[in-house]
Amino acid sequence: MKLNSALTVRGMLLGIVVASLFGLAGCNSGGGENAAQGTEAPAPNRSTTKQTIAFVTNNASDFWTIARKGTEKAAGELPNFQVEFKMPQDGNAATQKQILEDLVANGTMGIAVSPVDPANQVEDLNKIADKTSLICQDSDAPDSNRLCYLGTDNVAAGRMAGEELKKALPKGGKIMVFVGKADAQNAKERFEGLKEAIKGSKIEILDLRTDDTDPARAKQNVADALVNTPDLAGCVGLWSYNGPAIVNAVKEAKKEGKVQIVAFDEEEDTLAAVKDGIVFSTIVQQPFEFGYQATKLLAKIIEGDKSAIPADKKIIVPTQAINKENVEEFSKKLAELKK
Amino acid sequence: MTAKLKSLVGKELGIAILLILLVAISATINPNFISPNNLQNTGNLIGIYGIFSIGLGLVIITGGIDLSVGSLFALLGVMFSIWLTKSGLPPALAFFGVMFLAAGIGLAHGTLITKVKMQPFIVTLCGLLLYRGLARYIANDNTLGFGKAEGFEWLKQLSTGAFLGVPNPLWVLFVVATIMFFVLHRTSFGRYLFAVGANEEAARYAGIPSARIITIAYVLCSLLAGLASVLLGFYTNSISPSAHGNFYELYAIAAAVLGGCSLRGGEGSIIGILLGTALLQALRNMVNLLKIPSSLEFAVMGVVILLGVLADSLVRKKKA
Amino acid sequence: MSNPSLLSINGVTKRFPGVLALEGVSLRLEAGEVLSIIGENGAGKSTLMKILGGVYIADAGTVAIEGKEVSIKTPADALTQGVRVIYQELSVLENLTVAANVFLGREPKKGPFLNEGKMVEDTRAILARLGSSIDPTTLVGRLSLAERQLVEIARALSMNVKILVLDEPTSSLTVEETEQLLNLIRDLRKDGVGILYISHRLDEVKEISDRVVGLRDGRNAGGLSKEEISHEGMVRLMVGRDIKRERVAHTIPADAPTMLSVAGAATLRFPESVVDLEIKAGEIVGVAGLVGSGRSELARALFGIDRFAKEPSLKVDGKEVRLRSSQDAIQAGIYLVPEDRRGAGITVAFSVKQNVSMPSLKDLKKGFSVDGEKEAAYAQEAVEKLGVKTATIETKVGTLSGGNQQKVVIGRWLMKGPKVLIFDEPTRGIDVGAKAEIYSQMRKLTDEGIAILMISSDMEEVLAMSDRVAVMREGQIMGILEGNSATEEQVMTLAVGGQL
């Protein structure tokens, strides 16, 4: 009796899981991927003759929504290709590996990936590179057999942030740096560039605090820093959500203007704060270009033209400092991209 | 009555002492620890965390567990933001929408657990996955937020402001805790919660509608999570569906256990849960203010929770 | 001292905080002897056993096996010395097979792997020796209580025990199963195993024992040789006084109103069988039958815990009642004192007060909250009415003796003014003195016009207490006997499906 009911419950659970998986699969193809297939949605039977290029991100965030627009634009210009846009659910290397293997199994001809953990993914990436044309974007795995890297030079971006900070604090002062995970490659490189740029100035970095990508903790870290160092002169947020978190905490402590802020990326709240003069400047990458250029490059490579790969195998998409002067213009452009 | 008071305080004395010690030591090393600004900051967080920790505490007292709270924050936060900023719902309606959704989810948990007889761990683990996924799907993996709160400034002000120098979330917690203290320790419903947690079979044979009691506990847990989700949403002002509220159920479980709730059910108190919450937040605050490397934060928490529970079990053994 | 005793215990003392559980207790056990230890609950039998089993360590005194003093500090020590204690709460693992249970912790191996084949074969051989044909590959969870006990004994035999200690082994067995167990004990005795037998069932003790030793308040209370063993003698040994066990003739006035009437009730376990039953005010109807005859199922359904398979026509005190939950039953005035006292009767972690007031909290309110003073007074009244022996009403109920725990459960319902009280095995595992008190309480309740349905496997109890005896088999009432004239033979005949 007991056994029976346990089995029934298990059966029901299985049923629910299976049903919901199918349901979700349906939703997903309806909502997500179609959008990435280009503006003129091709008829499904014709699409089978098209070759597939995949764009794989390292997590799910707004940043990638813009990159997706870039891939869509490129797909529109490439009648023989379709683009699959994949975001790993949890920013986990294992999930990403699964996605990559599934793509290869599906006969994907070219992949542009932002590896979650480049140092430890070399072997996995090489296996993928054996079977398809692989490039790295956003984050590089230089030791792997990827054809080339396309993205930001994060050390340079960090330097740019440092230069901006020097402009904001000509007399120097104590600053804090905030990031989600200090061991992430781009966090390390940005921090390195930042330190490089302020070397010799009177700016002193007190500490680098991490929050494991929990926005509430990110804000509390800033609030604690403001309490702890009453004469704090500046804050730098290395990851996108750190910008709004800093703004939020500084506003609550009523220290707008007293604390100079340099942020990264183009979160809405960050841009609004740039307009209000609370954030001195924010260093933006061009994810649209990542998506657009990577797709175009892969299409060329698949068609046999490898001339676009530079000798050092690095295509750098420059970063841009957005401040009070150019923020309006940038916002307008961004709004168009996000449409 | 005094004996009763003594036993009530005695149970939570260990953790209270731990909290006082921690604050005293931190304040000695860094006086900023007890500066008004810092107390406000930390009080704000204690308010938000305390509210949903109490909810989870009730469920733990019945011998259950709710792992879905963190994901619920993401789902409710996403819905709240959409209703306020995209659908332009009146703020009060959006708020009640969140509470209604939360209550419905709690009711679903309770029904699956009591009527279908599924294990709470499994039901809410599936909830953890489901709500996180739904939140991300609905938000299309975009970070949503409240921007400048145009049109619902008063609600944001109510959620993030302060009254008499005390952050509003702490006031909300004060009201919630007072009501729940009364409910848990003074009403028959509260007694039934303990009875069901200590021995559900015996409770049923005493004529207690145990299924209904357990279901109500899950509804209360989700409702309090709903209330906290509004405060948390305004606190961060942005809701990234993949990260918002991640692991928060574990903070609540830790707070409840630190405060004397037994995961086997039948034990716990509101005061204990409050002290547990305060201790966890004070710890986190201490790590930052004493400039302990961020990387050690979880390690410090783990050690203190272990010590707290260890001390508790030693005290118990001595008593017995 | 040519031949030392198999087991000799000398001057064993054990003190717990506030209680002297054993004080200088001595006894001897010879090989091939069955020695019964009798005594009221709290007399120290369990403590003595646990010292032998290595669960407790004695404060003073010695234990010698075959003349050699031994030190038993852990259950493993006990096993090494050839002492095996089978406790009342069986320690078999329901999720493992019979064979796995028998060889738990000593599994035969083939290289690094378990030798399942050998385990199964050896278990089959041991079980055969015990006259059982249980399949060794069955999950223990599917066995009856008696079969599980058999598995425990098989485990003991597989270990070459010299001394077997059995604590209340028959408390949950049917008459047939008990007889089987007693035969088994006789066989073991022939093999030279020394057996310490602990039981409240004096008939069994009389039947099986070579000698009887009494414990009272943690001290030796004397012994009886085989010839001296008698019911009265044993009771005197235990309680130090005579307790009348004869039936007091009792009749219900013919015009007494019917308090409970059930027609066409079928339980989920026996959906094809139908029960019709009437109980008059002031009447005790005993329900006899073998374990598994559907008696407890009927009790649970009448209390609204389980559903009926067929909705009966049910009247309480002349009023039509429908039961959808135990709250409905309580509303109608039907209450149940369940069989599994610790599992379903009391909440061990709660105080006496909280256990008594649990179903009545809604009536003890001041505004929204529970009125502490009202609740205390309410519980105090129940404790006094039933003579519950407890330090205060704040005492945790788990620390009370079984009889007092049972009184707490009865008190909880008594306070609500019951119309029908259902007792399921009201005195299981309760000592003689407390039993008598519970019987007199039941009589008091019927004098107040309450109808009692008493399910019991204790034949003495059924025959002594019942005004009428209903005998059940496979969910059906096979016959109803007049309490004043019913005999054990009649009840057993009906219980096994015979004709009178």
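So you know, we letter chains A, B, ... as the sequences are listed, proteins then strands, and number each from 1.
Ion pairing between a basic and an acidic side chain is recognised when a charged N comes within 4.0 Å of a carboxylate O; A/Glu72 and A/Lys69 show no such pairing.
Two residues are said to be in side-chain contact when any heavy atoms from C-beta on lie closer than 4.5 Å; A/Asp214 and B/Asn246 fail this criterion. In this structure, A/Asp265 and A/Val284 have side chains that are not in contact, with every pair of non-hydrogen atoms separated by 4.5 Å or more. Put simply, the side chain of B/Lys86 reaches to within 4.5 Å of the side chain of B/Leu144, judged on heavy atoms.
For B/Leu45, the part sitting under 4.5 Å from any heavy atom of chain A is the side chain, from C-beta outward, and nothing else. Residue contact with chain A, scored on non-hydrogen atoms closer than 4.5 Å, involves the backbone of B/Pro293 exclusively. For A/Asn221, the parts lying near chain B are the backbone and the side chain together; criterion is any non-hydrogen pair under 4.5 Å. Only the side chain of B/Tyr248 comes within less than 4.5 Å of a heavy atom in chain A; its backbone stays farther off. Proximity to chain A is absent for every atom of B/Ile48, based on heavy atoms less than 4.5 angstrom apart. Proximity to chain A (any heavy atom under 4.5 Å) is restricted, for B/Asn30, to the side chain, taken from C-beta onward. Contact of B/Gln40 with chain A is not made at all, since no heavy-atom distance falls under 4.5 Å. Contacts between A/Pro244 and chain B at a heavy-atom distance below 4.5 Å are absent for every atom of the residue. Contacts between B/Phe33 and chain A at a heavy-atom distance below 4.5 Å are absent for every atom of the residue. With a threshold of 4.5 angstrom between heavy atoms, A/Glu268 does not approach chain B through any atom at all. With a 4.5 Å cut-off on non-hydrogen atoms, A/Asp224 touches chain B through its backbone and its side chain both.
Contact tally against chain B (heavy-atom pairs below 4.5 Å) for A/Pro215, A/Ala223, A/Ala216: the top residue is A/Ala216. Highest contact tally toward chain A, considering only B/Thr236, B/Thr42, B/Ile239, B/Val287, is held by B/Thr236 [criterion: heavy-atom pairs under 4.5 Å]. Taking B/Thr160, B/Thr143, B/Asn37 one by one and counting their heavy-atom pairs under 4.5 Å with chain A, the maximum is reached by B/Thr143.
A distance of 5.5 Å separates CE of A/Met87 from CZ of A/Phe85, quoted to the nearest 0.5 Å.
Defined by atom type and a distance below 3.5 Å, a donor-acceptor pair is missing between the side-chain atoms of A/Asp269 and A/Asn248. Side chains of B/Tyr235 and A/Glu252: no donor on one and acceptor on the other come within 3.5 Å.
Closest non-hydrogen pair, A/Lys181 versus A/Asp212, comes out as CE-OD1, 3.9 Å.
Ring geometry, B/Phe152 versus B/Phe234: the interplanar angle falls from 30° to 60°, so the pair is classed tilted.
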